[in-house]
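Structure, as structure tokens:
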Amino acid sequence: MTETLYGDDPEPSDPFPAGPLYVPVRPGPSGCAARLFRTPLGDRTAVGFTSVRRLTATLGPGQAWIRLAEPALRALTAPLGITTVTVDPQLTAPAPTPVPPAIPALRTA
């Protein structure tokens, strides 16, 4: 069996770069920082959307964003060990809300 060679292409399964993306960001101490998400299996991933409509449909109208090319998003997150970019995810889970402490039950004798 022969192994197919792909040259210098780091991800040959991707047919082409996604192009300019709308990347969700959050405010940080030095400006904006890309929001990072988790895949259903728990791996960290960068996320980009192909349109503002798709971004707001998934994350809401109040989500801040910047435009980045897909290779730039990969370069931005690579030092963090993130190698996956998810384009146009359809579903996100809401942020966890704090759970109030349980009230101890009163014992009646």
Side-chain angles (χ1 to χ4, degrees):
M1 187 167 156
T2 61
E3 185 176 334
T4 307
L5 299 176
Y6 292 101
D8 293 333
D9 188 356
E11 294 187 27
S13 61
D14 290 346
F16 50 87
L21 297 170
Y22 297 87
V23 178
V25 295
R26 60 178 173 74
S30 300
C32 291
R35 283 188 61 192
L36 302 175
F37 295 82
R38 294 211 178 257
T39 67
L41 297 176
D43 297 325
R44 292 171 68 194
T45 182
V47 171
F49 294 86
T50 55
S51 70
V52 173
R53 182 184 60 77
R54 290 182 181 207
L55 182 141
T56 56
T58 304
L59 299 175
Q63 175 61 57
W65 54 268
I66 59 171
R67 283 294 291 248
L68 282 178
E70 184 254 348
L73 181 56
R74 286 186 184 278
L76 181 71
T77 58
L80 302 172
I82 299 169
T83 58
T84 306
V85 172
T86 303
V87 177
D88 289 330
Q90 305 260 327
L91 176 67
T92 59
T97 56
V99 177
I103 299 173
L106 297 175
R107 293 185 84 188
T108 57

* Side chain of Arg26, backbone of Cys32: donor and acceptor closer than 3.5 Å? -> no
* Asked: Taking the side chain as C-beta and beyond, is there a heavy-atom pair between Leu36 and Ile82 under 4.5 Å?
  -> yes
* Asked: Does any non-hydrogen side-chain atom of Val23 lie less than 4.5 Å from one of Leu68?
  -> yes
* How about Gln63 and Arg35: does a side-chain donor come under 3.5 Å of a side-chain acceptor? -> yes
* Provide the closest heavy-atom pair for Thr56 versus Pro61 in the form atom of the first, atom of the second, distance. => CG2-CA, 3.9 Å
* Taking the side chain as every heavy atom from C-beta outward, state whether Phe49 and Leu59 have any pair of such atoms under 4.5 Å apart. => yes
* Asked: Among side-chain atoms of Thr39 and Thr45, is any donor-acceptor pair under 3.5 angstrom?
  -> no
* Mind listing the closest non-hydrogen atom pair of Thr84 and Arg44 along with its distance? => CB-O, 4.4 Å
* Using the ring of Tyr22 (Phe, Tyr or Trp, six-membered ring only), decide whether Arg67 places NZ or CZ under 6.0 Å from its centre and within 45 degrees of its axis. => yes
* **Student check: side-chain heavy atoms of Leu55 and Pro24 closer than 4.5 Å** => yes
* Over all heavy atoms of both residues, which pair between Ala34 and Leu76 is shortest? Give the atoms and the distance, please. => CB-CD2, 4.0 Å
* **Same apolar cluster (I L V M F W Y, side chains within < 4.5 Å links), Ile66/Leu73** => yes
* Structure fact -> Heavy atoms of Gly48 and Pro89 approach each other most closely as O-CD, 4.1 Å
* Student check: side-chain heavy atoms of Leu21 and Thr50 closer than 4.5 Å -> yes
